[in-house]
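To keep things clear, I will list the structure first and then write my remarks on it.
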Amino acid sequence: MSTETIKVPVKVKEPKERLFSSANKKLLRDPLNDSNPITVQVLGICSALAVTVQMKPSIVMALSVVVVCAFSNLVISTLRNVIPNRIRIIVQLVVVAALVILVDQVLKAFVYDVSKQLSVFVGLIITNCIIMGRLEAFAMANKPWPSFLDGIGNGLGYGLILVAVSAVRELFGSGKLMGFQVAPDSFYKAGYFNNGMAILPPMALIIVGIFIWIQRSKNTKLIEPN
Amino acid sequence: MEHVNIFIKAVFIENMIFAYFLGMCSYLAISKTVKNAVGLGMAVIFVLGVSVPVCYLMENYLLKPGAMSWLSASFADVDLSFLSFIMFIAIIAAIVQLVEMIVEKFAPALYGALGIFLPLIAVNCSILGGALFMQDREYATLGEATTFGLGSGVGWFLAIVAIAAIREKIRYSNVPAPLRGLGITFIITGLMGIAFMMFMGVAL
């Protein structure tokens, strides 16, 4: 009887990265604060100024941006090895434009009045720099799943600022929140006026500036060295 | 005279930054030094000056209802205006890619400094905004559309150079630390926007 054992080549299974590993969670969490697209990366300001007069359109806008950003990141990241470098911008824009047309049609079908209110700004998601910025900076160099998460995270970070700014502007500009009257009539009788300035675009800039101030005084590592 | 009117209007009264707040992202991010601001401003003038007339030709000979009648009378009732978004953005992206290649070849230092914001001119809302305003205002001739494109480019150029100069100076003043850099720039731009509101309603 031979005691020789047959050597079986042991297959070492490569540890598969879990779907929500800590690195992936970081991709979702960072854009909410440490690398917020609006207040830190300075992307997507134009639409943030234009749609934040009221809360409802800005929530719809934020959701649309989350969807477009996540799926364009996914598509471009899947295609990243076959896109020729010279014409990458055009390829990216075509993918984004197709997704935006989809979102536009869905909005028109299900929330028609909000879609009317947003008018051209849904179309202008194509030129929202968050989408292009994340495609260039992340999706072109990373695998599909992390890119997808990065898209969702950045969309949410954008939405957070959008909703916060619009809450301030709607509250002070027209005394309402989500379309409901908040400032009571007795205020107006006592001589309170809606601040007409809050509805104008320059005020949106100043409010975003103040948000940056608040964020950086809490999160001191973001302070610029001057 | 008409051209002068359109130019002045595009530069001051309907300034892309202060009146419509278009193209803010690159405006805020590249305005740290006057040198880079001038470089990006020139690129924007060039892209707007080229893409607006090209979009004008596209609009009038391809997209407008009945614009294709120069091909044959049977196309007289074809309306392709629903394609304008995607056509305009494709033209702009192509021109931006061209500019990127030129800058990379002839001014590598500027190319390094502009970084991600050079390809982002393609999605600079002021460019697509310029093309859409051109479509909206129905300029009579190609010349007028070109003047409008150049004028809005110059307006954008002036705005970014102005804020860059202010930011270079403000470095020596005592801004609260969390407000330094981006925060104070937002607030200054807001104040400049309020100042530019005085041009509203000036009729030329």
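What you see is a predicted model, and the numbers here were worked out from it, not measured in a lab. Numbers restart at 1 for each chain; the letters A, B, ... are given by sequence-line order, proteins then strands.
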query: Heavy-atom distance under 4.5 Å to chain A: side chain of M197(B), backbone, both or neither?
result: side chain
field: Neighbour count >12 (heavy atoms, 6.0 Å) for atom CG, D113(A)
entry: yes
- line: Residues pairing under ring pair (Phe, Tyr, Trp, His ring centres under 6.0 Å) where one sits in residues 126-160 of chain B, two or more places apart or in two chains, turn out to be Y20(B)-F133(B), Y139(B)-F148(B)
- request: With a 4.5 Å cut-off on heavy-atom pairs, point out which of L22(B), L179(B), I187(B), I127(B) contacts chain A the most.
  value: L179(B)
message: Under the criterion side-chain contact (heavy atoms from CB on, under 4.5 Å), I'd like the reasoning laid out for I206(A) against F186(B): C-alpha separation, chi angles, the key distance, then a yes or no.
response: CA-CA 6 Å; I206(A) 294 175; F186(B) 266 97; over 6 Å; no
task: Name all pairs fulfilling the ring pair (Phe, Tyr, Trp, His ring centres under 6.0 Å) condition that reach into residues 55-108 of chain A, sequence neighbours left out, sorted by first residue then second.
output: F71(A)-F148(A)
- request: Going by the side chain to side chain contact (heavy atoms under 4.5 Å, CB included) test, name the single residue among V96(B), I89(B), I92(B) that passes it with L93(A).
  value: I89(B)
- request: Let me know if M197(A) has heavy atoms under 4.5 Å from chain B in its side chain, its backbone, both or neither.
  value: side chain
- prompt: Just wondering, are more than 12 heavy atoms of other shown residues or ligands nearer than 6.0 Å to CD in E138(B)?
  reply: no
- request: Provide the closest heavy-atom pair for G190(B) versus P202(A) in the form atom of the first, atom of the second, distance.
  value: O-CB, 3.5 Å
Part of L128(B) within contact of chain A (heavy atom distance under 4.5 Å): side chain
field: Reported CD-to-CG distance for the pair Q97(B) and N85(A), which is rounded to 0.5 angstrom
entry: 8.0 Å
message: Does F196(B), at its CZ atom, have more than 12 non-hydrogen atoms belonging to other residues, nucleotides or ligands within less than 6.0 Å?
response: yes
- line: Okay, I207(A) and chain B: the region with an atom under 4.5 Å from a heavy atom over there is neither
message: At a heavy-atom distance under 4.5 Å, which candidate from A97(A), A204(A), G209(A), A98(A) has the highest pair count against chain B?
response: G209(A)
message: Under a 4.5 Å cutoff for heavy-atom pairs, which residue among R216(A), R88(A), Q215(A) has the most contacts with chain B?
response: R216(A)
message: Atom CZ of residue position F199(B) - does it have more than 12 heavy atoms of other residues, nucleotides or ligands inside 6.0 Å?
response: yes
message: Rounded to the nearest 0.5 Å, what separates atom CG in L182(B) from atom CD1 in I45(A)?
response: 7.0 Å
